[in-house]
Amino acid sequence: MTAAVSRPEPVQMDSEVRHPSVVLLAIEGDWAGRSLESVLVANGYAVLRAGDGEDALALAKRYRPDALILDEHMSGLSGIDVARLLREEPDFDAATPIIITAPSPAQRVVRQSAYDAGAWDFCTHPLEAETLILKLATFLRAKNATSEAREKALIDQDTGVLSPLGMERWAEQLAARASRNHESLACVVLMPSDAAG
């Protein structure tokens, strides 16, 4: 498995450096893949190229790209197969946009299969580059908003217990109550054993 990465330079914004969003691109046909890759890079995205469906699945699991554009007609696993397998992975972020592409005209059952597998969009060739870039930007804004909401959540959705932020808020409330009532306060923090190192 070889991964070719096309990456624009990081952008300096105020005091923070913003790295470009990474799009995993798996398009059947070298010309079509290079063409779409050049459009993505020109619009500020870093591109991780995959040669076929198995390669796309392995790279997605390893690098956790921000978005995926997968061709339905790849050798081995199809784009729909890759989308379905990734959505079944417990560690794969369900908020990651997956776009499936296919030759035009695409049968209705193929479109439905793509959406059933968890695709956010289904596009037919020839791709309208400007529209695809606008959709991708919208999808990534939604993904980023979801990530921010998870970070600000008081309850960890995987465990059902207080998140670090939730623990902090609860400790503040307990300290305020103890101060108001002139009570003593003790605190116990539990953490996974691998984080204690």
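Counting only distance, with no hydrogens or angles, the side chain of S147 and the backbone of K143 share a donor-acceptor pair below 3.5 Å. One N or O on the side chain of R87 and one on the backbone of A94 form a donor-acceptor pair closer than 3.5 Å. In this structure, T138 contributes its side chain and L134 its backbone to a donor-acceptor pair below 3.5 Å. Within the 3.5 Å criterion, the main-chain N or O of A50 finds no donor-acceptor partner in the side chain of D55. In this structure, the side chain of N181 does not engage the main chain of E183 through any donor-acceptor pair within 3.5 Å. In this structure a side-chain-to-backbone donor-acceptor pair under 3.5 Å is missing from D66 to V23.
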Check: So R64 and D91, side-chain contact (heavy atoms from CB on, under 4.5 Å) or not? Walk me through it.
Finding: CA-CA 10 Å; R64 307 283 185 216; D91 292 337; 3.4 Å; yes
Next item on the list: Kindly determine whether L48 and Y63 satisfy side-chain contact (heavy atoms from CB on, under 4.5 Å), including the steps that lead there.
Entry: CA-CA 9 Å; L48 181 63; Y63 293 106; 3.7 Å; yes
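P20 approaches A46 most closely through the heavy-atom pair CB-N, 3.9 Å. Scanning all heavy atoms of the two residues, the minimum distance from L25 to G33 falls at CD2-O, 3.6 Å. A pairwise comparison of heavy atoms in G53 and V82 identifies O-CG2, 3.4 Å as the closest pair.
Here the NE2 atom belonging to H73 is positioned 9.5 Å from the CD atom belonging to E28, to the nearest 0.5 angstrom. K61 NZ to L86 CG: the interatomic distance, rounded to the nearest 0.5 Å, is 7.0 Å. Atom-to-atom distance recorded for L40:CG and S35:OG is 9.5 Å, nearest 0.5 angstrom. The NE2 atom of H125 lies 8.5 Å from the CG atom of L36; values are rounded to the nearest 0.5 Å.
For the pair Y45/V39, no side-chain contact is recorded, criterion being any heavy-atom separation below 4.5 Å from C-beta on. By the 4.5 Å heavy-atom criterion applied to side chains, L85 and F92 are not counted as neighbours. Side-chain contact between R34 and R49 is present, with at least one heavy-atom pair separated by less than 4.5 Å. Annotation: side chain of S78 is in contact with side chain of E72 (closest heavy-atom distance under 4.5 Å). No side-chain heavy atom of D52 sits under 4.5 Å from any side-chain heavy atom of L77. L68 places none of its side-chain heavy atoms less than 4.5 Å from the side chain of P97. Considering only heavy atoms from C-beta on, L24 stays 4.5 Å or farther from I69 through its side chain. Put simply, the side chain of R111 does not reach to within 4.5 Å of the side chain of R108, judged on heavy atoms.
A83 meets the side chain to side chain contact (heavy atoms under 4.5 Å, CB included) test with I98, I100, A117; sequence neighbours excluded.
Two different hydrophobic clusters hold I27 and W31 under the rule that ILVMFWY side chains link at heavy-atom gaps under 4.5 Å.
Sequence neighbours left out, the pairs with a member in residues 124-142 that pass salt bridge (Lys or Arg N to Asp or Glu O under 4.0 Å) are D121-K135.
Checking D116 against S113 by side-chain atom types alone, no donor-acceptor pair falls below 3.5 Å.
Between F139 and W120, the ring planes are perpendicular. Angles over 60° get that label, and only those under 30° would be called parallel.
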